[in-house]
Amino acid sequence: MVRFIKRISKKAGLPPGTLVHIGEKKAETVRIRLMDYTPDHLEERDLSAVEECFPYRDKDSVTWINVDGIHQVDLMEKLGSHFGLHPLVLEDILNTDQRPKLEDYEDYLFLILKMITYDEAQKRLHVEQVGLIVGARFVLSFQESEGDVFEPVRERLRKGKGRIRKGGLDYLAYALVDAVVDNYFLVLEKIGEDIEELEEAVIGKPAPETVESIHNLKRELLFLRKSVWPLREAVAGLEKGGSSLIQEKTVLYLRDVYDHTIQVIDTIETFRDMVSGMMDAYLSGLSNRMNEVMKVLTIIATLFIPLTFIAGVYGMNFKVMPELEWHYGYGLVWLLMILVTLLMLHYFRKKKWL
Amino acid sequence: MVRFIKRISKKAGLPPGTLVHIGEKKAETVRIRLMDYTPDHLEERDLSAVEECFPYRDKDSVTWINVDGIHQVDLMEKLGSHFGLHPLVLEDILNTDQRPKLEDYEDYLFLILKMITYDEAQKRLHVEQVGLIVGARFVLSFQESEGDVFEPVRERLRKGKGRIRKGGLDYLAYALVDAVVDNYFLVLEKIGEDIEELEEAVIGKPAPETVESIHNLKRELLFLRKSVWPLREAVAGLEKGGSSLIQEKTVLYLRDVYDHTIQVIDTIETFRDMVSGMMDAYLSGLSNRMNEVMKVLTIIATLFIPLTFIAGVYGMNFKVMPELEWHYGYGLVWLLMILVTLLMLHYFRKKKWL
Amino acid sequence: MVRFIKRISKKAGLPPGTLVHIGEKKAETVRIRLMDYTPDHLEERDLSAVEECFPYRDKDSVTWINVDGIHQVDLMEKLGSHFGLHPLVLEDILNTDQRPKLEDYEDYLFLILKMITYDEAQKRLHVEQVGLIVGARFVLSFQESEGDVFEPVRERLRKGKGRIRKGGLDYLAYALVDAVVDNYFLVLEKIGEDIEELEEAVIGKPAPETVESIHNLKRELLFLRKSVWPLREAVAGLEKGGSSLIQEKTVLYLRDVYDHTIQVIDTIETFRDMVSGMMDAYLSGLSNRMNEVMKVLTIIATLFIPLTFIAGVYGMNFKVMPELEWHYGYGLVWLLMILVTLLMLHYFRKKKWL
Amino acid sequence: MVRFIKRISKKAGLPPGTLVHIGEKKAETVRIRLMDYTPDHLEERDLSAVEECFPYRDKDSVTWINVDGIHQVDLMEKLGSHFGLHPLVLEDILNTDQRPKLEDYEDYLFLILKMITYDEAQKRLHVEQVGLIVGARFVLSFQESEGDVFEPVRERLRKGKGRIRKGGLDYLAYALVDAVVDNYFLVLEKIGEDIEELEEAVIGKPAPETVESIHNLKRELLFLRKSVWPLREAVAGLEKGGSSLIQEKTVLYLRDVYDHTIQVIDTIETFRDMVSGMMDAYLSGLSNRMNEVMKVLTIIATLFIPLTFIAGVYGMNFKVMPELEWHYGYGLVWLLMILVTLLMLHYFRKKKWL
Amino acid sequence: MVRFIKRISKKAGLPPGTLVHIGEKKAETVRIRLMDYTPDHLEERDLSAVEECFPYRDKDSVTWINVDGIHQVDLMEKLGSHFGLHPLVLEDILNTDQRPKLEDYEDYLFLILKMITYDEAQKRLHVEQVGLIVGARFVLSFQESEGDVFEPVRERLRKGKGRIRKGGLDYLAYALVDAVVDNYFLVLEKIGEDIEELEEAVIGKPAPETVESIHNLKRELLFLRKSVWPLREAVAGLEKGGSSLIQEKTVLYLRDVYDHTIQVIDTIETFRDMVSGMMDAYLSGLSNRMNEVMKVLTIIATLFIPLTFIAGVYGMNFKVMPELEWHYGYGLVWLLMILVTLLMLHYFRKKKWL
């Protein structure tokens, strides 16, 4: 549940723009990495102090500053004020309970994204919020902890392959968003495998645990949907928002990311439909089995109860019971019992229970 | 139920603009508090008579008059006529069964908000309606009773911290709306904890009370949704309505509140989905257990009914029953019984009931 | 059902504009009441012949003609042709199976409303269609029978209180619509009480009748919704339609009615959600009780069936049954039975059935 | 099912505009009827050859050519080419699996309608597709078989009553559409009666057949909805499409048909809601009865199982059973049994089962 | 499941525009077929090398190049660069997990379609992605494997029948899209037959396999919907997008395809409704039968349990049991038993169980 709504009690009542880190402190130390490049040149550094990145703000080259760990409020404040970020932007970056969104502050674009990984053992989604600032000369990215989906982008920058070194700031921003969205497909793939497995379990040999798994999957899909759904609008805003920071030629690429986002949402909805269909199938399977159990019980009980009654009658100890004296009494009782049984079986066959 | 629709019978048929207090009388006496401030100066007073606040109407400073208790109709009328409020506005403030809304009366904006608290013991939401008038030189706020979520705003005004003393009337209005919306997160947090608890109960050891709790939670979420959903439109109206009373620089802040409202609504919907998923999980758990009970009954009954029949047969008192005379008759019957039992067990194993 | 679709067979195939009364004939005789007023003067008359109202058509004063009973087709035709109503309008007034709607015929506005009352004994809604014509100098209202929700409006006209005598034709029309909508709250209030009662029944001591009540309530809410939902659009049309018959200052009042309509719809939807939630709660309560019944049966049967079998075994009449001869045989059998019982109880405790 | 999707296999792969009749051949021969009229004059003819109607194409009078039976492809082709119909239009007329729609081909309007009848014995809807061409000087109507809902329109034309003879081509088209829509009310009336009947059955004495009836009704409503829903858009297109073929004064009448269409759709949706509510009521009634059956079984079994056990114990044949020797043994056992029974009854009363 | 989300892991992290084939390799070799035509002339060739089609790019005639098999990335690259395709377009063609869509690249239109076949034995849908490029002088179509629904189009081209040879590039594109959509009707027809069959099974003799079939059908419909739904927007884009590559006269034809697409979607939704209605009918049928089984069990058990108890009583071996000594004891017991039975039967009749 904590994942659906974070404890923001410590913040309630503070003036807007007050910087409070909301969320788990996922990283011990803060790591600041800088990549500065032109088509021909690349500088990559790990900064020990935040001030080291300040000179890059006004350089003509593309500068990407990535911050892993957002819990050091003073550091964030320094960065924010040097790069001219609005207090509300900083506040949103620190509050990891934001919905994905795009805000256009004219000098820069501010994006909130959710980086999602799927813990296959626990069958749980983990989410990490990414804040992205796309300015005229720099891109800032803020993450909750080290380890991310941006490594391939870095690799491409290092190798200078493709259009990434020539593409400018907006292309870099696109590449980062694309990396996040591409990652969703990996998550969906794994969830898809779980659904497949569960589906077989439902049809094959349903167990009480199956319900729990379905319920769990349902909740994770709800969670995933909550994290991805608003992204659609944000990416559409990037593509169609007409910000001067986005070049015409990048728009084609953004349309591609938009398509991917739609596809992710589509697949989530399909998965949700499938999972809820599985619940129905499970329940009707359960009813089926119950029905079968009941039938067996009824047949056995209905066959033997009258017979037992007959046996009971002739077990009575009345002084005067003529049948008991008959020579073929015992045989006749067996005949009677067989007759009753045959009648019963006929009745069951007529009812289509056998 | 009373919470979903209030008794307005006493008002039916009266002409519009007739002032009738609809709702519980929550406060005994009416308390009027005034805060008047400029960036450098702050005056805070508790008024003993409503007339004391009249001179502040035309002062250039920002004046915030807060009224706790709206049941004194004549007092409300005096205030309303002095500050030039339309009779329909006053009527709406007094009728605590309003939906959240924004109305632009050109000279002033009129807002209806719902202040919500969650009674953790009773697991019930309590709601208090707040009417907000944002004029050119004054802000009026009307509450049903003392005790509110505005205390932090007052505190910030007293300390002169942040931008609040410099921000003007619209910023004050923003701060009040923000305080109300921020409070929703606290409510959601507590409901979230209840959901978490209930979820564990559903999976772990479901009891009949669980249904009642789920049903109750469902209703409270319905109630919460009814109180919050229309707020979205109202806040969007503030942000995008283009009222001359809202300064350009405040719009950024209103966008922030709007985001929060969306997030609240989003979380309510997610909670609703989760609660209805819990109901399904509970019911299928119930079916599971029922199925198990039935299986045990069927196995026991099916095993012993034929055996009891056999015993019954040889309990009959016929004169002539050859088996009874056999020396190994008793032993053979035991053999027969064991055989029948083994056959039954084999059948159950084939059916996967064991 | 008759309430959901009326018998219009008698009309099928007739040319449009043919006047046929569709609906029950609720009033015996037709009563025509006229109120003619200016701010200073009021004339109230019961007309014995429809022609008596004709001279009022062109008077500058505000004339309100109310017709109770619409089944006299010729009378309706005379009225219609004198006041210049389109044949389709007359046809719609006579067909009481209309949806609420607003039509702008330039010279006049035509409104269809539904006047609803709740029969608490039968728990049934009764609906009466009201047709309203708002012309430049007259307001015509047509009802199916005497007895309506307009009495308070008449009272205010008589007393000359409030703005009603000065407000003009559009204000009178507003007052009539407002009276109809206000009345919905009374209906909702009563339904709300029924829901509250039913809710307690569902949680407390559900009986088979409860289902019927829930089902009935569901249907009445469906019916209510069908009658109110389209009203929203009609009232919005009045407010925003820009008809020259509606003065600027009346728009504020119409906005108020619009708000009320939204609130009514909102409450109906909430009620529907609650009632369908109650059905779920009822069913799961039923399952719970069934489960409990099954458990008791299973425990009793499972405890005694093996014991009865043991008793049966030693009730057999074999000549040679060594145990029967043992001195402590009987005691040992009791011991065996107690042992079996304890084992069973242990098993049930493990299964958490006890 | 055949009703939901028709066999179009024979057409797949043919070029567009290829004329293939898709649907049942409902009429043996093709009948062509012509009505040609001005306000003062009417000519009505049954044509033996399609060529006979060609001269009417360019006459100033209003010409209505009605074709019953569309399976003669060559005849259709001749008609189409003489009246200048686009091949796609002809193709659509012949394919009876079209959705209702309106297409504006500038020279003429093309409408697809569904004429529906309800077979009360079989409780099945029958549908017949009507293609309507509204040109500048002629109206063409194509039906699958003889027998239609247009007879009243013809009668009005013959009698020259109402505005129909003076109304022009667009008014004739309106009258035809109106006849089709009016007929829906008759169908709804009959379905409404069936629902009413079923509702009583559900509450009163539900039988397994009830489910089948509900299921059947559900499917017919689905089918009806599929045939009517798209009509709304088509009629709105007629009213608001601004075609030069529709005169200003006819628009009022079209608005009336539009209202009726909305009302039909509304009623279908309400019926669907009611039918699905009936299913719920039926199922919960079933559960109720099941619960009752279980209770009776449990009470009987639970009362007698222990008693039977006691009797079994004293039916054992042990040599040494002291109780058997007691003089009051038998009486005491009866006492014991009565005691057990009373205890049981007390328990059941506590559980509220009695 | 693999069908709902394809393994794209191998692609994650690569720069956009990197060509990777995602999907099964369905064809062994790649086959390139070329059709080049003017109204009078047609050239049809199977190309052995991709370069052979290059000269056709700039010819004035209409050139249609169809590629069966998209897994040879280098070949695709050559084609793409010669015909001036954007890298993102090529990437999308190779990734067979795309949603249907239309993209306007000004020089050419890019369409993704899904070609669907229904495997009747396995009751499974198979899907093949088709990429379509509509340039100014050429149409390129890319399929995953040989065998398609375009054969009738080729046949029409060969025979020069209809408007296809005169219709230009946009008409060819229309014909291809039309062929794909027409094929959906065949698929729907087969699914419709399966639904019909299943419906009979549900009403007639439901078996546990029925649930599985319903569940399966549900999933296939979900899958079909996912493949067809987005096509609507794509075709609407073709019709209304105003691309200069689409001639005015082709728009009418595209409207026709659009209508068909809507009809397909409509039918899918109706099928989904029907299938989910079948599930309900199946479950309630199951409950019905369960109820009946329970009733039989209850009646039998309730009849015989008291009788067996009576027999048990008189099977007890007490020394002193006066009834046993009576001369008519045995007869009286039979009388008692018959009385009890009659009472029971009366009770059952009152309860309407018989």
Side-chain angles (χ1 to χ4, degrees), chain C residues 1-2 4-9 11-18 86 88 91-92 97-99 101 103 205 208 211-212 215 218-219 222-223 226 230 279 282-283 286-287 289-290 292-294 296-297 300-301 304-305 307-308 311-312 314-317 321 323-330 333, chain D residues 149 151-152 155-156 161-164 175 178-179 182-183 185-186 188-189 192-193 195-196 199 203 252-253 255-256 259 262-263 266-267 270-271 273-274 277-278 280-281 284-285 287-288 290-291 294-295 297-298 301-302 305-306 308-309 312-313 315-322 351-353:
Chain C
M1 192 63 40
V2 174
F4 282 93
I5 170 100
K6 297 208 171 127
R7 284 173 201 286
I8 66 154
S9 359
K11 196 185 165 188
L14 292 178
T18 310
H86 193 280
L88 285 173
E91 194 190 340
D92 282 354
D97 196 25
Q98 295 290 318
R99 302 170 81 224
K101 65 176 171 179
E103 286 182 357
K205 45 166 178 33
V211 186
E212 215 174 305
H215 182 65
K218 230 174 174 172
R219 206 187 41 211
L222 205 58
F223 182 56
K226 197 175 175 245
M279 196 70 171
Y282 174 79
L283 283 176
L286 209 66
S287 293
R289 272 188 305 285
M290 186 110 153
E292 206 187 334
V293 168
M294 290 300 305
V296 169
L297 174 63
I300 297 285
F304 282 99
I305 284 177
L307 303 187
T308 305
Y314 294 107
M316 291 193 294
N317 296 320
M321 282 181 74
E323 298 97 318
L324 296 180
E325 315 295 326
W326 299 351
H327 194 261
Y328 295 109
Y330 181 51
V333 160
Chain D
V149 299
E151 208 45 48
E155 209 48 52
R156 268 146 61 200
K161 275 204 317 191
R163 107 183 31 219
I164 195 156
D178 190 49
D182 257 20
N183 189 251
F185 285 101
L186 296 184
L188 285 177
E189 221 179 288
E193 282 163 21
I195 291 180
E196 205 168 26
E199 185 133 285
I203 299 289
L252 270 185
Y253 290 92
R255 192 168 70 183
D256 199 52
D259 275 2
I262 295 286
Q263 206 178 337
D266 231 50
T267 308
T270 307
F271 279 4
D273 272 2
M274 290 179 77
M278 268 157 61
D280 288 355
S284 73
S287 293
N288 258 329
M290 186 110 153
N291 207 12
M294 289 301 304
K295 254 198 275 184
L297 175 63
T298 305
T302 316
I305 283 177
T308 305
F309 165 66
V313 165
M316 292 194 293
N317 296 320
F318 283 98
K319 275 273 148 62
V320 185
M321 282 181 73
K351 286 275 176 188
K352 309 231 160 106
W353 293 358

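Naming: A, B, ... by sequence-line order, numbering from 1 per chain. Being a predicted model, the structure only gives us computed values, none of them experimental. These numbers come from the heavy atoms of this one structure, side chains and all, not from hydrogens, waters or symmetry mates.
Comparing C:Q98, C:E325, C:M321, C:K218 by how many heavy-atom pairs each has under 4.5 Å with chain D, the most go to C:E325. Annotation: maximal heavy-atom pairing with chain C below 4.5 Å, among D:V313, D:N288, D:I164, occurs at D:N288. The greatest number of non-hydrogen atom pairs below 4.5 Å with chain C, out of D:T308, D:D178, D:D280, D:D259, is found for D:D259. Interface summary for chain D: among C:K101, C:M316, C:E103, the most heavy-atom pairs under 4.5 angstrom belong to C:E103.
If you measure heavy-atom distances from D:A179 to chain C, you find no contacts under 4.5 Å at all. Only the side chain of C:H215 comes within contact range of chain D, with heavy atoms under 4.5 Å apart. Looking at C:D92, only its side chain comes within 4.5 Å of chain D, counting heavy atoms on both sides. Within the 4.5 angstrom heavy-atom criterion, only side-chain atoms of C:Y282, from C-beta onward, approach chain D. Only the side chain of D:D256 comes within less than 4.5 Å of a heavy atom of chain C; its backbone N, CA, C and O stay farther away. C:L307 touches chain D through backbone and side chain together, each having a heavy atom under 4.5 Å away.
Here the CZ-OG1 distance, from C:F304 to D:T302, works out to 10.0 Å after rounding to the nearest 0.5 Å. To the nearest 0.5 Å, the span separating CG on C:D97 from OG1 on D:T267 amounts to 7.0 Å. To the nearest 0.5 angstrom, D:D266 atom CG is 4.0 Å from C:R99 atom CZ.
Of all non-hydrogen atoms in C:G329 and D:F318, the two that sit nearest each other are C-CE2, 3.4 Å. A pairwise comparison of heavy atoms in C:M279 and D:S284 identifies CE-OG, 3.7 Å as the closest pair. Closest heavy-atom contact between C:L222 and D:T270: CD2-O, 3.8 Å.
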